[in-house]
Amino acid sequence: MRVVEGKTSSWLTTLPLQSCHFDLAPVQFRDGLALRYLRHPSNLPAKCDGCGADFTLQHALDCKKGGLVILRHNEIRDCIGDLASQVWPQVIKEPIVNEATATSSDPGLRLDLGIRGVWQPQVEALFDVRVIDTDAPSHCHRAPNAILESSSQEKKRMYKKAVEDRRGTFTPFVLSVDGLLHKEASHFIKHMATALSSKWDKAYSITSSYIRSRLAFAGVRAVSLCLRGSRIKWRSGLGFDDGAPLASFME
């Protein structure tokens, strides 16, 4: 099974310690169980509040309305960044590789994480995260590992040369929504666990389990957000959106 191959079940066997971020809300735990055992999560709405489509499990994981897919990505990115900061002293979110230019349509280039000293001392290692629904209809005739490999190669085509031109290294961090890691992401996790083992003077098996459990919990929270989160943005009713009422305070 994929959950066994990808070692994605550690959240079920780990003590729920809030101090280690090993905690889930009851609904998040139930959603995680349902997806692991191929059951349909309970009490989902009939229609998507963002686009009005039928709210199937597949739609919940893929609908980009409301930014929940981005928040799912950010949950994983922030987890990796927090873990990396426990090993390496300089971790940057959204490092800019190429600046946007006002004189052209070039939007610039930024990645998800910059971590100094991962692969070589004092050399910036840049990472870009992608979370893929490997069960989406567009992937139905391909094996999960092949999907992850294809996405990893696409990331390299987009970013590798630009990063190396800045004397950095680039590593794609690609995983599925149920936590299956691409081989390069898995290699980075092993490398981080080895460094953390040396820093904390703990066995590699302990630090590796800690890192994988952190990622597993983050993954469950991120997927549950796509199922339960609102795709309609909340707005303030005070009328300060355009700044017009501030004039009364200036008189």
Side-chain angles (χ1 to χ4, degrees), residues 2-24 28-29 32 71-95 111-132 145 148-149 151-152 155-156 159-160 163 167-223:
R2 195 159 71 196
V3 292
V4 176
E5 177 188 354
K7 302 178 182 178
T8 63
S9 302
S10 56
W11 63 276
L12 283 171
T13 58
T14 303
L15 288 174
L17 302 175
Q18 189 175 22
S19 60
C20 295
H21 304 282
F22 296 160
D23 59 316
L24 296 170
Q28 294 171 337
F29 184 81
L71 293 177
R72 178 180 69 191
H73 162 277
N74 291 350
E75 178 82 26
I76 302 300
R77 178 203 64 189
D78 293 347
C79 177
I80 299 166
D82 184 60
L83 288 166
S85 68
Q86 299 179 54
V87 184
W88 297 284
Q90 182 172 312
V91 178
I92 304 171
K93 279 186 188 179
E94 298 193 2
L111 278 70
D112 283 321
L113 291 168
I115 309 171
R116 176 161 294 185
V118 173
W119 307 119
Q120 303 172 44
Q122 300 303 317
V123 175
E124 203 76 17
L126 275 73
F127 296 79
D128 205 67
V129 176
R130 178 172 289 179
V131 184
I132 302 176
N145 282 321
L148 299 182
E149 175 64 23
S151 182
S152 176
K155 288 280 187 187
K156 288 181 178 179
Y159 302 125
K160 191 171 187 291
V163 171
R167 307 296 188 269
T169 64
F170 174 69
T171 304
F173 195 98
V174 180
L175 71 163
S176 68
V177 293
D178 52 358
L180 181 64
L181 294 172
H182 179 256
K183 60 185 179 182
E184 290 189 74
S186 183
H187 177 62
F188 171 60
I189 293 301
K190 292 176 182 178
H191 182 67
M192 181 160 52
T194 300
L196 198 60
S197 172
S198 177
K199 183 175 181 179
W200 286 356
D201 195 23
K202 298 287 186 181
Y204 170 83
S205 59
I206 294 176
T207 56
S208 178
S209 177
Y210 168 72
I211 292 170
R212 290 184 180 275
S213 294
R214 281 285 305 272
L215 275 173
F217 276 96
V220 173
R221 283 192 290 267
V223 169

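Please read these numbers as outputs of a predicted model, since none were measured by experiment. The chain is numbered in sequence order, starting from 1.
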Check Leu126 against Pro95 and note the closest heavy-atom contact, atom names and distance. CD2-CG, 4.0 Å
Does the distance from a Lys or Arg side-chain N to an Asp or Glu carboxylate O, for Lys155 and Glu184, drop under 4.0 Å? no
To the closest 0.5 Å, what do you measure between OG (Ser85) and CG (Asp78)? 11.0 Å
Nearest heavy atoms of Trp11 and Gly32, plus distance in Å: CH2-C, 3.5 Å
Mind listing the closest non-hydrogen atom pair of Val123 and Arg167 along with its distance? CG1-O, 3.7 Å
What is the minimum heavy-atom distance between Ala193 and Thr207, and which atoms define it? O-OG1, 2.9 Å
Verify side-chain contact (heavy atoms from CB on, under 4.5 Å) between Arg77 and Phe127, making sure each step is shown before the conclusion. CA-CA 9 Å; Arg77 178 203 64 189; Phe127 296 79; over 6 Å; no
Are Trp200 and Ile206 side-chain neighbours, meaning at least one heavy-atom pair lies under 4.5 Å? no
At what distance, to the nearest 0.5 angstrom, does CZ of Phe217 lie from SG of Cys79? 11.0 Å
Find the distance between CG (Leu113) and CZ (Phe173) and round it off to the nearest 0.5 Å. 9.5 Å
Mind running side-chain contact (heavy atoms from CB on, under 4.5 Å) on Ile92 and Glu124 for me, showing each step along the way? CA-CA 10 Å; Ile92 304 171; Glu124 203 76 17; 3.9 Å; yes
Measure the spacing between NZ of Lys160 and OG1 of Thr171 and express it to the nearest 0.5 Å. 9.5 Å
Got a sec: does the NZ of Lys183 have more than 12 other heavy atoms crowding it under 6.0 Å? no
Measuring only between side-chain heavy atoms, which start at C-beta, is Pro172 closer than 4.5 Å to Lys156? yes
To check you understand the geometry: which heavy-atom pair defines the closest contact between Leu181 and Leu175, and what is its length? CD2-CB, 3.7 Å
Of the non-hydrogen atoms in Tyr210 and Gln86, which two are nearest, and what is the gap between them? OH-NE2, 3.3 Å
Side chains of His73 and Asp112, heavy atoms from C-beta outward: is any pair under 4.5 Å? yes
Going by heavy atoms in the side chains, are Asp82 and Val91 under 4.5 Å from each other? no
Inter-residue atom distance Asp128.CG - Glu94.CD, 0.5 Å rounding: 9.5 Å
Quick one: do Ile80 and Leu215 satisfy side-chain contact (heavy atoms from CB on, under 4.5 Å)? Show the steps, please. CA-CA 8 Å; Ile80 299 166; Leu215 275 173; 4.0 Å; yes
Name of the residue among Arg130, His187, Glu149 meeting side-chain hydrogen bond (donor to acceptor under 3.5 Å, both in side chains) with His182: Glu149
Would a 4.5 Å heavy-atom cut-off, applied to side chains only, mark Leu71 and Arg221 as touching? no
Start with the C-alpha distance between Leu180 and Asn145, add both sets of side-chain angles, then the distance that settles side-chain contact (heavy atoms from CB on, under 4.5 Å), and finish with yes or no. CA-CA 8 Å; Leu180 181 64; Asn145 282 321; 3.8 Å; yes
Rounded to the nearest 0.5 Å, what separates atom OG1 in Thr194 from atom NZ in Lys199? 14.5 Å
Is there a donor in the side chain of Arg212 and an acceptor in the side chain of Ser10, or the other way round, less than 3.5 Å apart? no
